[in-house]
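Right, one structure below, let's go through it.
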Amino acid sequence: MVTTVATVLAGLIGAGVFFLGVVGLSAPRFAAGFGIPHTPTEDPTFRSWLAVKAVRDLGAGLFILIVLVGGSTHLLGWLVLAATVIPTGDALIVLRGGGPRSAVYGVHGATALAVLVVGVLLLVG
């Protein structure tokens with residue numbers, strides 16, 4: 001039962017990350033900032049960096065979904081566990097950029113914790 005719930009959650013994480021990539025490419029203003037204040041959303045160079053981030057999200061979401069469909073639960077657990085690096089790094093970047101603690105802990109930190117828990121549940125389930 002735990003493995004089934006964790007597998008569904010991993011699928012939601014993969015789909016959610018993929019969706020963030022779609023939004024990042026199609027509506028970059030909604031994806032901009034990550035919690036970093038004074039984000040220059042109208043700057044063409046910055047918009048290019050947003051596109052890079054969006055493609056990263058598309059790929060990361062697809063990796064999770066592909067392993068979900070074709071791999072083992074154990075492999076999915078390791079992949080999801082490794083994926084905690086992304087929201088943890090995002091939290092540290094926002095913190096270093098002087099962003100609000102609500103974005104650091106409430107968005108990126110909470111995401112990292114949720115992904116970590118799902119990865120562990122997949123590995124021990």
Side-chain angles (χ1 to χ4, degrees):
M1 178 69 173
V2 170
T3 303
T4 302
V5 171
T7 302
V8 169
L9 291 173
L12 290 173
I13 290 167
V17 172
F18 184 84
F19 177 75
L20 288 174
V22 170
V23 170
L25 287 175
S26 62
R29 277 194 194 138
F30 293 110
F34 317 100
I36 299 170
H38 313 295
T39 304
T41 56
E42 299 306 318
D43 178 0
T45 302
F46 181 74
R47 289 174 88 89
S48 294
W49 282 109
L50 284 177
V52 169
K53 186 241 185 253
V55 170
R56 176 194 79 168
D57 288 344
L58 287 170
L62 283 174
F63 291 152
I64 291 171
L65 294 172
I66 289 167
V67 172
L68 175 75
V69 171
S72 69
T73 302
H74 194 75
L75 178 60
L76 180 61
W78 281 112
L79 178 64
V80 170
L81 194 62
T84 61
V85 169
I86 296 169
T88 301
D90 291 346
L92 293 171
I93 289 165
V94 173
L95 184 65
R96 188 179 69 198
R101 303 273 181 191
S102 60
V104 172
Y105 300 111
V107 177
H108 303 296
T111 300
L113 180 61
V115 173
L116 175 70
V117 168
V118 170
V120 168
L121 288 175
L122 287 164
L123 288 172
V124 300

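By convention here, the first residue in the shown sequence is residue 1.
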Hydrophobic cluster membership, I64 vs L58, 4.5 Å side-chain cutoff: no

Any chance CZ of R47 has more than 12 other-residue heavy atoms, nucleotides or ligands included, within less than 6.0 Å? yes

Looking only at heavy atoms, which two atoms of A10 and V80 are closest? And how far apart? CB-CG2, 4.1 Å

Hey, quick one: are L122 and L75 part of the same hydrophobic cluster, counting side-chain heavy atoms closer than 4.5 Å, chains of contacts allowed? yes

Do you know the tightest heavy-atom contact between A103 and V94? CB-CG1, 4.2 Å

Looking only at heavy atoms, the pair that brings T84 and T88 closest together is O-OG1, 2.8 Å

Test item: I86 and V17 side chains (from C-beta on) under 4.5 Å apart, heavy atoms: no

Can you tell me which residue pairs pass the salt bridge (charged side-chain N to carboxylate O under 4.0 Å, His left out) test with a partner in residues 57-83, sequence neighbours excluded? K53-D57

Would V85 and V120 show up in the same hydrophobic cluster when neighbours are defined by side-chain heavy atoms closer than 4.5 Å? no

Is there a side-chain contact between H74 and L123 in this structure, where contact means two heavy atoms from C-beta onward sitting under 4.5 Å apart? yes

Which atom of F63 lies closest to which atom of L79, heavy atoms considered: O-CD2, 3.5 Å

According to the salt bridge (charged side-chain N to carboxylate O under 4.0 Å, His left out) rule, which pairs have a member within residues 60-74, sequence neighbours left out? none

Any link between I66 and L68 through a network of hydrophobic side chains (Ile, Leu, Val, Met, Phe, Trp, Tyr) touching at under 4.5 Å? no

Under the criterion side chain to side chain contact (heavy atoms under 4.5 Å, CB included), I'd like the reasoning laid out for L121 against T3: C-alpha separation, chi angles, the key distance, then a yes or no. CA-CA 7 Å; L121 288 175; T3 303; over 6 Å; no

Going through the distances and angles, do D90 and T111 end up as a side chain to side chain contact (heavy atoms under 4.5 Å, CB included)? CA-CA 10 Å; D90 291 346; T111 300; over 6 Å; no

For A91 and V104, the nearest pair of non-hydrogen atoms, with its separation, is CB-O, 3.7 Å

Would you mind telling me which of I13, L76, L12 makes a side chain to side chain contact (heavy atoms under 4.5 Å, CB included) with V118? I13

In one Ile/Leu/Val/Met/Phe/Trp/Tyr side-chain cluster, 4.5 Å: Y105, L113: no

